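Written below as structure tokens is the structure these notes are about.
Nothing here was measured: the structure is a model prediction, and the numbers come from that model.
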Amino acid sequence: MSDECRCTGNFFHDGSEKAPQRSLFNALGMTKEEMDRPLVGIVSSFNEIVPGHMNIDKITQAVKTGVAMAGGTPVVFPAIAVCDGIAMGHLGMKYSLVTRDLIADSTECMALAHHFDALVMIPNCDKNVPGLLMAAARVNVPTIFVSGGPMLAGRVKGEKRSLSSMFEAVGAYTSGKIDEAEFEEFENKVCPTCGSCSGMYTANSMNCLTEAIGMGLKGNGTIPAVYSARIRLAKQAGMQVMELLKKNIRPRDIMTKEAFENALAVDMALGCSTNTMLHIPAIAHECGIDINLDIANEISAKTPNICHLAPAGHAYMEDLEEAGGIYAVMNELDKKNLLHTDLITVTGKTVGENIAGCINRDHNIIRPIEDPYSETGGIAVLRGNLAMDGSVVKRSAVAPEMLKHTGPARVFDCEEDAQAAILGGKIKAGDVVVIRYEGPKGGPGMREMLNPTSAIMGMGLGSSVALITDGRFSGASRGASIGHVSPEAAVGGIIGIVQDGDPITVDIPNYTLSLDVDQAEIDLRMAAFTPKKKELKGYLKRYAALVTSGAQGAVLREDI
């Protein structure tokens with residue numbers, strides 16, 4: 001695509017050589033006036049299976065209104081979406097992360113095949129946000145994001161609750177801590193509205209970080225899905241993309257190395273999902289920027305954690321919105337000069353201009369920077385002989401007594417076997433549950449382990465049992481849950497030779513994850529180790545052949 005923006009009309013609006021295309025626009029019912037205006041692609045991830053997307057038809061219509069009001073011609077095309085909660089705990093979860101690349105690829109194809117002048121991305125749930133950010137970087141025409149918005153928290157017995165509460169209730173019910181009536185109340189009340197699930201899970205993490213990185217307007221991550229303010233925001237986004245087109249402000253002008261550093265700083269302050277450690281490197285990769293996992297610890301070391309939203313605490317996205325939202329969080333960080341404030345954003349203004357005057361309205365939800373939950377950020381990257389290329393933990397959601405833990409390994413080669421053992425009472429206080437062959441290649445698809453982590457919490461073992469995996473975790477997971485262990489078992493990682501009873505040490509303050517077995521014994525086991533192989537077909541077979549390590553963002557290889 002040409003680097004010159006056509007701000008006065010779309011690519012096809014004049015010239016005899018474009019007459020065949022105009023004849024097809026006639027078939028669409030377009031008038032000459034519509035053809036004379038810039039063509040704006042509206043990427044809608046609406047569907048009727050994902051609760052976070054069921055309202056996106058209304059968001060899409062509002063965006064179209066905004067684009068038309070500002071002189072553009074809006075044209076809608078779709079993006080797919082998987083609901084991680086519905087896909088959780090079975091074969092379906094193998095198809096979650098893999099859709100990130102399908103979304104990026106299909107959006108790239110549609111955008112470039114039809115030569116859109118600008119794009120508005122409307123994602124909401126876990127893989128749509130990073131997938132569409134990856135596509136935005138590839139296509140690199142003026143682009144803005146507006147999400148479907150978060151769900152309101154549910155209420156059970158007067159307390160706010162969310163989807164993670166439901167998953168933990170399974171363990172509580174199985175262990176007899178709650179009865180059938182209480183269990184049914186959770187089922188009926190924890191997810192009361194449309195929207196992305198109400199805690200600081202992956203979807204909300206990524207929508208908030210879209211604001212932080214400069215690709216979404218104020219409130220993109222926090223205005224609830226059911227609020228009329230969300231419709232107004234969508235109209236504003238539709239109008240604002242036309243301003244970006246006029247000024248020729250493009251995604252790679254916004255998504256710079258410094259912008260990703262801002263996103264990581266906000267990530268640490270919020271205590272976002274560990275999945276951000278997959279998605280931020282993958283988005284940066286599409287921008288030609290290398291984000292190494294170790295930068296997370298560097299930024300975490302100087303960035304206080306000032307928010308404890310579910311599952312780390314008892315606050316929800318609606319509370320963060322009322323407290324001032326992401327700009328208020330950023331304003332707190334700026335008090336210690338933790339952000340690059342001179343960067344351009346989709347508002348057409350700088351980060352500093354955007355956050356000026358955005359005060360923290362509730363110190364119980366957003367702690368003042370002088371009084372944080374911790375002086376270090378919400379995510380930590382651990383290394384050691386068990387994770388030589390790295391592993392990731394949501395430190396802000398770990399009980400203090402589990403920040404350092406040594407215990408015997410209880411080893412499982414798939415999530416289902418681990419879940420059965422946990423619910424069957426076979427996991428005891430002090431154990432370290434190891435789930436392997438669930439990595440990007442080994443799964444394939446790097447399933448989330450929300451069922452096992454929730455069962456551990458629900459059965460009252462959260463302060464005494466750790467879980468490590470070469471898979472990953474839902475943002476709804478909490479506890480000493482260490483994921484993304486790399487190298488994974490399927491490519492010969494040391495996690496593949498761990499045996500039942502082996503002592504494992506998790507030391508989050510010192511950023512280490514170790515198999516406490518004599519090196520000579522490790523060498524003997526590795527010499528005899530042949531990773532297990534799975535019979536694959538279809539898209540998963542192609543994905544497993546192309547995907548890289550979780551430490552590299554699980555991006556797909558481009559050298560073959």
Holding to ring pair (Phe, Tyr, Trp, His ring centres under 6.0 Å), I want the full list of residues that pass it with F186, two or more places apart in sequence or in another chain.
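Testing F186 for ring pair (Phe, Tyr, Trp, His ring centres under 6.0 Å), a comparison that skips the adjacent residues, returns none.
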Apply ring pair (Phe, Tyr, Trp, His ring centres under 6.0 Å) to H285 and list each qualifying residue two or more places apart in sequence or on a separate chain.
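H285: no ring pair (Phe, Tyr, Trp, His ring centres under 6.0 Å) contacts found.
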Test side chain to side chain contact (heavy atoms under 4.5 Å, CB included) on E438 and M93 and set out the steps.
CA-CA 10 Å; E438 292 285 9; M93 182 45 68; over 6 Å; no
Using 0.5 Å steps for rounding, measure from the [atom1] atom of [X] to the [atom2] atom of [Y].
{"X": "T376", "Y": "Y511", "atom1": "OG1", "atom2": "OH", "value": "5.5 Å"}
{"X": "N385", "Y": "M388", "atom1": "CG", "atom2": "CE", "value": "7.5 Å"}
{"X": "M457", "Y": "R478", "atom1": "CE", "atom2": "CZ", "value": "3.5 Å"}
{"X": "M151", "Y": "C197", "atom1": "CE", "atom2": "SG", "value": "4.5 Å"}
{"X": "I49", "Y": "I86", "atom1": "CD1", "atom2": "CD1", "value": "4.5 Å"}
{"X": "L132", "Y": "N124", "atom1": "CG", "atom2": "CG", "value": "11.0 Å"}

Go through M446 and L278 one step at a time and tell me if the side chain to side chain contact (heavy atoms under 4.5 Å, CB included) criterion holds.
CA-CA 11 Å; M446 207 177 185; L278 285 175; 3.8 Å; yes
Show, in sequence, the C-alpha distance, side-chain angles and deciding distance for V381 and H484, and conclude whether the side chain to side chain contact (heavy atoms under 4.5 Å, CB included) test is met.
CA-CA 10 Å; V381 173; H484 308 196; over 6 Å; no
[X]/[Y] ion pair, N-O < 4.0 Å:
{"X": "K127", "Y": "D84", "result": "yes"}
{"X": "R447", "Y": "E416", "result": "yes"}
{"X": "E535", "Y": "K537", "result": "no"}

Between [X] (side chain) and [Y] (backbone), is there a donor-acceptor pair under 3.5 Å?
{"X": "D267", "Y": "A263", "result": "no"}
{"X": "R395", "Y": "G271", "result": "no"}
{"X": "D371", "Y": "P368", "result": "no"}
{"X": "R436", "Y": "D470", "result": "no"}
{"X": "S147", "Y": "N220", "result": "yes"}
{"X": "E415", "Y": "M449", "result": "no"}
{"X": "D334", "Y": "L339", "result": "no"}
{"X": "E182", "Y": "D179", "result": "yes"}
{"X": "N275", "Y": "F473", "result": "yes"}
{"X": "R410", "Y": "D500", "result": "no"}

side-chain hydrogen bond (donor to acceptor under 3.5 Å, both in side chains) against [X], all qualifying residues, sequence neighbours excluded:
{"X": "K541", "value": "none"}
{"X": "E521", "value": "R525"}
{"X": "D101", "value": "none"}

Would you check if [X] and [Y] make a side-chain contact, meaning some heavy-atom pair closer than 4.5 Å?
{"X": "Q552", "Y": "P281", "value": "no"}
{"X": "F260", "Y": "C287", "value": "yes"}
{"X": "E298", "Y": "L264", "value": "no"}
{"X": "K189", "Y": "R155", "value": "no"}
{"X": "S396", "Y": "S374", "value": "no"}
{"X": "V506", "Y": "V393", "value": "no"}
{"X": "C125", "Y": "H53", "value": "yes"}
{"X": "T505", "Y": "V432", "value": "no"}

If every non-hydrogen atom of [X] is compared with every non-hydrogen atom of [Y], which pair is closest and at what distance?
{"X": "G221", "Y": "N204", "answer": "O-OD1, 4.5 Å"}
{"X": "K394", "Y": "S273", "answer": "NZ-N, 4.2 Å"}
{"X": "I306", "Y": "P372", "answer": "CG2-CB, 3.9 Å"}
{"X": "G479", "Y": "V398", "answer": "O-CG2, 3.3 Å"}
{"X": "G550", "Y": "P440", "answer": "N-CG, 3.7 Å"}
{"X": "C208", "Y": "T222", "answer": "SG-CG2, 4.1 Å"}

Are more than 12 heavy atoms, taken from residues, nucleotides or ligands other than [X], located less than 6.0 Å from that residue's [atom1] atom?
{"X": "E401", "atom1": "CD", "answer": "yes"}
{"X": "K257", "atom1": "NZ", "answer": "no"}
{"X": "K534", "atom1": "NZ", "answer": "yes"}
{"X": "E370", "atom1": "CD", "answer": "yes"}
{"X": "K532", "atom1": "NZ", "answer": "no"}
{"X": "H314", "atom1": "NE2", "answer": "no"}

Given side chain to side chain contact (heavy atoms under 4.5 Å, CB included), test I283 with M206 step by step and report yes or no.
CA-CA 11 Å; I283 300 160; M206 290 306 304; 3.9 Å; yes
Passes side chain to side chain donor-acceptor pair (under 3.5 Å), D523 versus Q519? Steps please.
CA-CA 6 Å; D523 292 342; Q519 186 61 46; 2.8 Å; yes
Sequence neighbours excluded, which residues qualify as side chain to side chain contact (heavy atoms under 4.5 Å, CB included) partners of S162?
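For S162 the side chain to side chain contact (heavy atoms under 4.5 Å, CB included) partners, ignoring immediate neighbours, are S164, S165, S198, Y201, A310, Y316.
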Among D389, I494, I495, V434, whose side-chain contact (heavy atoms from CB on, under 4.5 Å) with V485 holds?
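For V485, the side-chain contact (heavy atoms from CB on, under 4.5 Å) check succeeds only for I495.
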